[in-house]
Novice: 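I'd like to ask you about the structure that follows.
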Amino acid sequence: MIVCSCNVFSDRQVIDAVSSSQGMRTPGEVYRCLGCAPQCGRCARTIRALMDQVQAHDCGQCAEDCPVAALTGMVAAE
């Protein structure tokens with residue numbers, strides 16, 4: 001799903017950026033990581049929500065049926 005139509009990036013790109021970095025704390029950091037800057041700002045809430053989902057479930061012990069694990073690819077090894 002396209003999260004930012006001004007900069008044309010997807011939820012997958014946001015999730016990957018947040019998952020691959022330690023300590024990303026603001027949507028502004030996500031924009032910079034993706035090589036862009038906020039334009040209209042309408043996507044900031046969605047970025048924040050995606051960040052919160054990834055950070056809340058960044059335990060590395062997710063089960064296969066975890067909804068965030070499906071988004072982030074974080075599934076516990078068996």
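Only a predicted model underlies this, so the values are computations on that prediction, with no experimental measurement involved.
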Novice: Going by the rule side-chain contact (heavy atoms from CB on, under 4.5 Å), which residues pair with Cys36 if we only count those two or more places apart in sequence or in a different chain?
Specialist: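 For Cys36 the side-chain contact (heavy atoms from CB on, under 4.5 Å) partners, ignoring immediate neighbours, are Asn7, Phe9, Tyr31, Leu34.
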Novice: Which heavy atom in Cys33 sits nearest to a heavy atom in Ala17, and how many Å separate them?
Specialist: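 Reported closest heavy-atom pair: SG-CB, 3.8 Å.
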Novice: Would you compute the distance between atom OG of Ser21 and atom CG of Asp16 and round it to the nearest 0.5 angstrom?
Specialist: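 Interatomic distance, Ser21 OG to Asp16 CG, rounded to 0.5 Å: 11.0 Å.
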Novice: Would you check if the side chain of Gln39 reaches a backbone N or O of Ala37 as a donor-acceptor pair within less than 3.5 Å?
Specialist: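 At least one qualifying donor-acceptor pair exists.
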Novice: Mind jotting down which residue pairs meet the salt bridge (charged side-chain N to carboxylate O under 4.0 Å, His left out) criterion with at least one end in residues 23-48? Sequence neighbours excluded, please.
Specialist: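 Qualifying pairs: Arg48-Asp52.
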Novice: How long is the straight-line distance from CD of Gln55 back to CE of Met24, given to the nearest 0.5 Å?
Specialist: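 Reported to 0.5 Å precision, the distance equals 8.5 Å.
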Novice: Which pair of heavy atoms, one from Val18 and one from Met51, lies closest together, and at what distance?
Specialist: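 Taking Val18 first and Met51 second, the nearest heavy atoms are CG2-CG, 3.7 Å.
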Novice: Mind listing the closest non-hydrogen atom pair of Ser10 and Val3 along with its distance?
Specialist: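 Taking every non-hydrogen atom into account, C-CG2, 3.6 Å.
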